[in-house]
Amino acid sequence: DWGYFSKPPGIAWLMAFADWIGQGSTLGIRLLASILGMGGAWCVVLIAKRCFGHTAAIWIGCAWILTPANSALHLLLTIDAPLVCFWCLALWATIEWIERKGSSLSHAVIIGVAVMCGILSKQMMLIYFPLLVFILILEKDWRPLLAKSQVWIAGIIGHVGLIPPLWWNTQNNWITFQHTLHHFESAPPTLNQRISRFFELFGAEAGLVTPVLFFLILVSGFSVVRQWRASGPILRLLWWMSFPAILAMLAMTWRQRVNPNWPAVFLIAGTLMGCGYFWKRWENDLKSKNDGEQKSPKNWVKIGVKVAASFTLLSYLFLWLVSNGIVNLPGLDPSARVRQWSNIAYDVSSSVEKLLQQDQIEEKFFWVAIGHRFLTSQLAFFLEGNPRVYRFSPEPDILRSQHDLWDNPSKLIGQNGVIVVRGQPENLPKEIETYFEDFKLLEIISNPQRRKKWRTFSIFYGKNLKNWPEKDLNKARHQ
């Protein structure tokens with residue numbers, strides 16, 4: 001499609017491509033995520049090499065590659081994987097274009113293409129080009145670059161990425177805008193909530209890039225401000241591309257909860273700034289013959305690499321321990337949301353297959369999931385043959401996910417349906433029984449090895465669909 005409930009269409013296109021390459025397996029999804037992660041990491045190395053030299057690039061590249069944040073990008077094909085990749089590509093092309101005094105049309109085109117692909121991936125990329133223009137205005141030596149056509153060519157190419165989601169939103173009551181604005185709607189928090197959210201985000205960001213690298217980002221950020229003119233234009237560029245946004249996100253916790261992935265792209269330039277600043281300090285110490293091995297600022301970069309490697313190894317070890325049941329910490333398990341999805345679909349499919357063999361249900365039927373969109377998605381992906389799975393919503397004027405925008409079983413009048421409900425039978429909305437001539441509970445399946453909220457499912461069977469509620473997209477609202 002040209003747009004989706006909460007996202008631009010790019011991630012869906014990438015997933016469709018990965019699904020085609022991987023023949024419906026998770027391998028294709030994982031492989032594409034890893035390729036995007038490697039692409040972004042390679043751009044970080046190229047930026048570090050251009051700004052701080054070959055040796056620094058090796059250490060800074062390792063520092064970023066070994067962070068838990070980068071490791072996560074290689075595992076999960078979320079919207080952040082392409083966003084980070086294209087943000088890194090745009091940042092590399094920007095620095096190359098600036099270093100060439102704005103004379104490289106090819107790098108300007110790369111900026112535009114990267115921004116376009118980033119916008120198609122996630123709305124956060126919209127800030128890139130305005131931020132670049134803002135930096136060019138502020139930097140006196142770079143201000144003449146605004147008179148060159150290349151920068152505006154890059155801008156035009158980049159914002160072509162807005163056309164598909166804007167056109168789609170005009171057809172769907174601007175639902176993506178409603179969803180995005182919903183992130184900034186919240187009741188005034190208490191003082192305890194504000195303090196808790198601040199340290200929650202602070203700790204999350206320190207965990208994503210490790211405490212040492214986050215320390216380097218914060219120290220270098222304030223140091224660049226204190227030594228603004230002496231820092232040089234490249235460090236100031238990296239500062240603008242990272243530090244103000246990180247501080248703004250931390251300040252935003254005073255108003256609302258901020259998801260840890262929101263500042264993700266700013267941590268990239270932040271890591272480059274933090275490591276690059278300390279590396280330059282070491283080089284300046286060498287020039288002034290004050291390089292004491294124990295006091296060398298370069299050691300902080302090396303320590304950051306070692307800590308990043310340790311954090312990543314510990315993260316993998318922790319995930320292995322919890323996924324194999326050796327450690328039981330469900331509240332602290334970041335992989336809990338995605339583990340055992342195939343297991344749930346297998347249990348449901350096995351139960352339905354048994355009922356088919358017992359002639360309790362007819363062979364031809366459609367699937368309906370009731371509850372959170374996660375259940376609909378996991379059944380659609382992991383049930384054999386990837387059948388169309390509809391989501392039933394008892395709220396006709398509320399849109400909660402993309403499933404509410406897609407078609408529903410109203411075109412399947414007269415057919416039979418298998419309905420899957422998370423939890424006990426009483427979780428079934430009673431009105432759904434009225435949509436079929438006959439409706440009955442088939443089975444309750446339970447697996448004690450799963451998380452509590454995903455442990456039990458109830459399977460119902462509806463014969464001869466009579467009608468299905470329709471949503472009026474022009475009147476429905478997001479929630």
Side-chain angles (χ1 to χ4, degrees), residues 10-11 14 17-18 21 28-100 104 106-122 124-125 128 132 154 158 208-210 213 216-217 234-235 237-238 241-242 261 264-276 279 301-302 304-306 308-309 311-312 316:
I11 187 64
L14 287 172
F17 175 73
I21 291 293
I29 302 291
R30 301 281 190 236
L31 184 61
L32 184 55
S34 186
I35 290 171
L36 291 168
M38 287 189 293
W42 181 243
C43 289
V44 170
V45 173
L46 293 177
I47 294 168
K49 183 179 179 181
R50 161 63 85 169
C51 298
F52 309 113
H54 180 77
T55 305
I58 295 174
W59 283 99
I60 297 173
C62 287
W64 173 253
I65 290 168
L66 292 171
T67 59
N70 185 66
S71 298
L73 292 174
H74 287 254
L75 291 173
L76 303 172
L77 187 56
T78 67
I79 53 177
D80 292 304
L83 171 69
V84 168
C85 177
F86 296 127
W87 186 284
C88 290
L89 179 61
L91 185 58
W92 166 75
T94 296
I95 292 174
E96 290 291 336
W97 179 75
I98 290 173
E99 291 293 315
R100 287 170 167 77
S104 175
S106 60
H107 285 96
V109 171
I110 293 173
I111 295 171
V113 172
V115 170
M116 177 181 66
C117 293
I119 289 174
L120 287 169
S121 302
K122 189 175 180 179
M124 182 64 77
M125 195 75 194
Y128 188 90
L132 172 59
L208 286 173
V209 294
T210 76
L213 290 180
L216 296 187
I217 292 172
I234 290 297
L235 270 181
L237 169 68
L238 295 174
M241 287 286 184
S242 60
N261 65 323
V265 291
F266 305 111
L267 293 175
I268 302 161
T271 300
L272 285 160
M273 175 190 65
C275 294
W279 197 273
V301 179
K302 293 185 175 181
V305 172
K306 295 172 183 176
F311 260 62
T312 299
Y316 283 129

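FYI, the numbering just counts along the sequence from 1.
- In this structure, A114 and M125 approach most closely via the heavy-atom pair O-CE, 4.0 Å.
- Distance check, rounded to the nearest 0.5 Å: CG of L272 to CD1 of I234 gives 11.0 Å.
- Using a 4.5 Å heavy-atom threshold, the side chains of T210 and P68 count as touching.
- When all heavy atoms are compared, the tightest approach of N70 to A41 is OD1-CB, 4.3 Å.
- The nearest pair of heavy atoms linking A63 to L213 is O-CD1, 3.6 Å.
- In this structure, the separation between CG on L14 and CD1 on I29 is 9.5 Å, given to the nearest 0.5 Å.
- Taking both residues in full, the closest heavy atoms of C43 and L89 are given as SG-CA, 3.7 Å, listed atom of the first, atom of the second, then distance.
- Atom OH of Y128 sits about 6.0 Å away from atom CD1 of I111, to the nearest 0.5 Å.
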Worked check of side chain to side chain contact (heavy atoms under 4.5 Å, CB included) between T55 and W279: CA-CA 10 Å; T55 305; W279 197 273; 3.8 Å; yes
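- Side-chain N or O atoms of T94 include one that pairs as donor or acceptor with a backbone N or O of A90 at under 3.5 Å.
- Considering only heavy atoms from C-beta on, L36 comes within 4.5 Å of L77 through its side chain.
- Taking CG of L46 as the start and SG of C88 as the end, the distance is 10.5 Å to the nearest 0.5 Å.
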Quick one, N261 with K122, criterion side chain to side chain contact (heavy atoms under 4.5 Å, CB included). Give me CA distance, side-chain angles, the key distance, then yes/no. CA-CA 12 Å; N261 65 323; K122 189 175 180 179; 3.3 Å; yes
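- Here the CG-CD1 distance, from L120 to I79, works out to 12.5 Å after rounding to the nearest 0.5 Å.
- Using a 4.5 Å heavy-atom threshold, the side chains of I95 and L237 count as touching.
- When all heavy atoms of A154 and A108 are compared, the pair lying nearest together is CB-O, 3.2 Å.
- In plain terms, the two heavy atoms of L235 and M273 that are nearest each other are CD2-O, 3.9 Å.
- Counting only heavy atoms from C-beta outward, the side chains of T67 and L208 never approach each other to under 4.5 Å.
- The side-chain heavy atoms of D80 and M124, taken from C-beta on, include no pair separated by under 4.5 Å.
- Taking the side chain as every heavy atom from C-beta outward, M241 and F266 never approach each other to under 4.5 Å.
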Run L83 and V265 through side chain to side chain contact (heavy atoms under 4.5 Å, CB included) and show every step you take. CA-CA 8 Å; L83 171 69; V265 291; 3.6 Å; yes
Show your working on ring-ring contact (aromatic ring centres under 6.0 Å, His included) between F52 and W59 and close with a plain yes or no. CA-CA 11 Å; F52 309 113; W59 283 99; over 10 Å; no
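- Put simply, the side chain of T271 gets close to the backbone of L267: a donor and an acceptor are under 3.5 Å apart.
- Taking NE2 of H107 as the start and CD of E96 as the end, the distance is 4.5 Å to the nearest 0.5 Å.
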With side chain to side chain contact (heavy atoms under 4.5 Å, CB included) as the test, would you mind laying out the steps for W92 and V44 before giving the verdict? CA-CA 7 Å; W92 166 75; V44 170; over 6 Å; no
